[in-house]
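Structure record follows, encoded as structure tokens.
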There are 2 protein chains.
Amino acid sequence: MNKKQTKPKEPLANKAYRELKRKILDNELHTGSHMTEQEVSTLLEMSRTPTREAMLQLAREGLIELKPRHGMRVKPVSIEDMKEIYEILTGLESTAAALCATNGLNNDQLSLMRESVTAMDEALQQDDLIQWAAADERFHRYLVEFSDNQRLQKLVSNFIEQSHRVRMLTLKMRPKPNSSNKDHLDVINAIESNNAETARLIHHQHREKSGRMLISLLENFGLNHM
Amino acid sequence: MNKKQTKPKEPLANKAYRELKRKILDNELHTGSHMTEQEVSTLLEMSRTPTREAMLQLAREGLIELKPRHGMRVKPVSIEDMKEIYEILTGLESTAAALCATNGLNNDQLSLMRESVTAMDEALQQDDLIQWAAADERFHRYLVEFSDNQRLQKLVSNFIEQSHRVRMLTLKMRPKPNSSNKDHLDVINAIESNNAETARLIHHQHREKSGRMLISLLENFGLNHM
DNA sequence: TAATTTATTAACGTATACATTAATAAATCT
DNA sequence: AGATTTATTAATGTATACGTTAATAAATTA
């Protein structure tokens with residue numbers, strides 16, 4: 001057992017997984033080039049075994065793809081991929097909204113959600129899209145977290161990660177997200193009234209609208225692979 | 001490269017994964033006992049590396065759980081787990097139903113779905129629950145497959161696997177599934193009419209009803225962990 | 001006898017050796 | 001020059017050695 005004053009050492013495979021994922025999501029690794037297991041091991045300064053385990057995990061999560069004899073590369077995301085991802089996120093988040101309404105949220109939870117929408121409003125007024133995106137992400141995260149379904153939470157997290165690079169790439173290309181704030185507020189109100197079907201419907205419509213807008217934008221800019 | 005007449009050898013890790021999963025789903029491994037990596041390797045007649053990779057994958061898919069120094073065991077499924085799983089399946093399958101209606105299905109696809117409902121009818125008449133379950137599974141599989149969303153298909157597969165043992169355990173405890181057949185037929189009709197919202201609603205209600213019935217049954221029988 | 005401390009053992013995480021094999025370079029043939 | 005065959009190389013899958021460490025047995029203390 002470790003001495004009292006030191007916490008358990010994080011397994012190298014976990015570390016490899018975290019670092020690779022961060023590099024992918026932060027665009028430090030790109031879709032254009034492959035890296036073999038050996039190259040990744042050298043980059044992460046560890047042996048192939050933990051590196052390999054981390055790569056297998058990331059491949060299963062859809063963030064990288066493995067090509068025989070060529071190693072891994074960041075998985076390009078196509079418009080078709082985004083359609084699939086948004087279809088699932090729409091279904092799951094609507095479910096989360098309905099669950100929140102059915103189970104009921106306490107005042108702290110409702111406050112947190114309202115605060116995130118307020119932060120979205122303020123960010124819009126200041127024309128700060130980065131802040132707006134951060135607040136919007138908080139809202140969606142609360143929605144899923146407060147649904148109290150661990151599996152749903154993990155799934156949504158994963159798909160948000162799969163679509164992260166595309167969403168960051170297109171943040172400033174999108175029109176000003178004026179109606180998002182109102183949609184979110186409507187959802188919160190429906191949740192507060194324990195109106196599951198209304199919460200589901202509003203959020204579903206919001207998500208479908210957002211999805212259509214994003215797909216349309218990708219098509220218009222000719223962004224077929226990202 | 002392999003000689004022409006032999007197909008590429010399946011990696012041992014894949015084989016380990018398939019065999020372990022089959023044993024779990026067929027109740028050849030039980031929730032009551034742990035097996036170390038070494039014990040599993042001996043059982044599967046291969047070294048620890050492919051075994052370990054397979055075990056990690058199954059753990060991430062929620063079919064087993066790993067306990068430090070004690071190895072793996074089949075993950076018991078609680079009522080809470082079943083609630084979560086059904087909440088997700090409800091959301092995803094409803095999405096699939098709506099996608100089928102939106103995208104439209106061809107006559108072959110509609111026929112396959114109708115045939116599975118016919119098989120459900122016949123199985124019910126013959127009081128053959130096993131056959132009924134098989135036909136019901138086909139219907140659900142078609143629904144998801146014909147939604148044309150690969151990610152959704154994989155997810156649903158995984159959750160169906162997580163709940164498989166509980167569903168098999170309770171098959172003969174459940175009341176006769178009289179309304180399932182009609183529900184499924186109604187969904188098919190809505191899909192045929194390209195009525196996405198109706199397809200979604202009907203399937204959502206069906207799934208919620210099934211879920212409530214199953215949870216209620218588990219609670220009544222006192223089946224807290226399976 | 002119960003609690004605490006120390007010792008032991010085996011499970012696991014990782015490193016690396018080795019066998020297999022996929023991609024590609026080189027050689028050969030037409 | 002292009003197509004085909006053979007050779008080569010390095011990536012990957014797997015086996016196993018080894019260091020770390022978690023659980024538990026044994027020893028010690030109160």
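- Ion pair A:Lys23/A:Glu19 not flagged as a salt bridge, since none of the NZ, NE, NH1 or NH2 atoms sits closer than 4.0 Å to an Asp/Glu carboxylate oxygen.
- The distance from atom NE2 of B:His34 to atom P of C:dA10 is 19 Å, rounded to the nearest whole Å.
- With sequence neighbours excluded, no residue satisfies side chain to side chain donor-acceptor pair (under 3.5 Å) with B:Thr49.
- Note: NZ (A:Lys9) to P (D:dA22) measures 11 Å, nearest angstrom.
- One interatomic measurement links the two molecules: CD of A:Glu53 to P of D:dT12, which rounds to 16 Å at whole-angstrom precision.
- Checked for salt-bridge contact, A:Arg18 and A:Glu10 meet the test: a charged N lies under 4.0 Å from a carboxylate O.
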For nucleotides 11-13 of chain C, give me every protein contact, N/O to N/O, under 3.5 Å, one pair per line with atom names.
| unit_1 | atom_1 | unit_2 | atom_2 | d |
| --- | --- | --- | --- | --- |
| C:dA11 | N3 | B:Arg69 | NH1 | 2.1 |
| C:dA11 | N3 | B:Arg69 | NH2 | 3.4 |
| C:dC12 | OP1 | B:Gly71 | N | 2.8 |
| C:dC12 | OP2 | B:Glu37 | N | 3.0 |
| C:dG13 | OP2 | B:Arg52 | NH1 | 2.0 |
| C:dG13 | OP2 | B:Arg52 | NH2 | 2.9 |
| C:dG13 | O5' | B:Arg52 | NH2 | 3.4 |
| C:dG13 | N7 | B:Arg48 | NH2 | 3.0 |
| C:dG13 | O6 | B:Arg48 | NH1 | 3.1 |

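- Looking at heavy atoms from C-beta onward, A:Gln57 lies in side-chain contact with B:Arg60 at the 4.5 angstrom threshold.
- Checking side-chain atoms of A:Thr170 against main-chain N and O of A:Met173 turns up no donor-acceptor pair under 3.5 Å.
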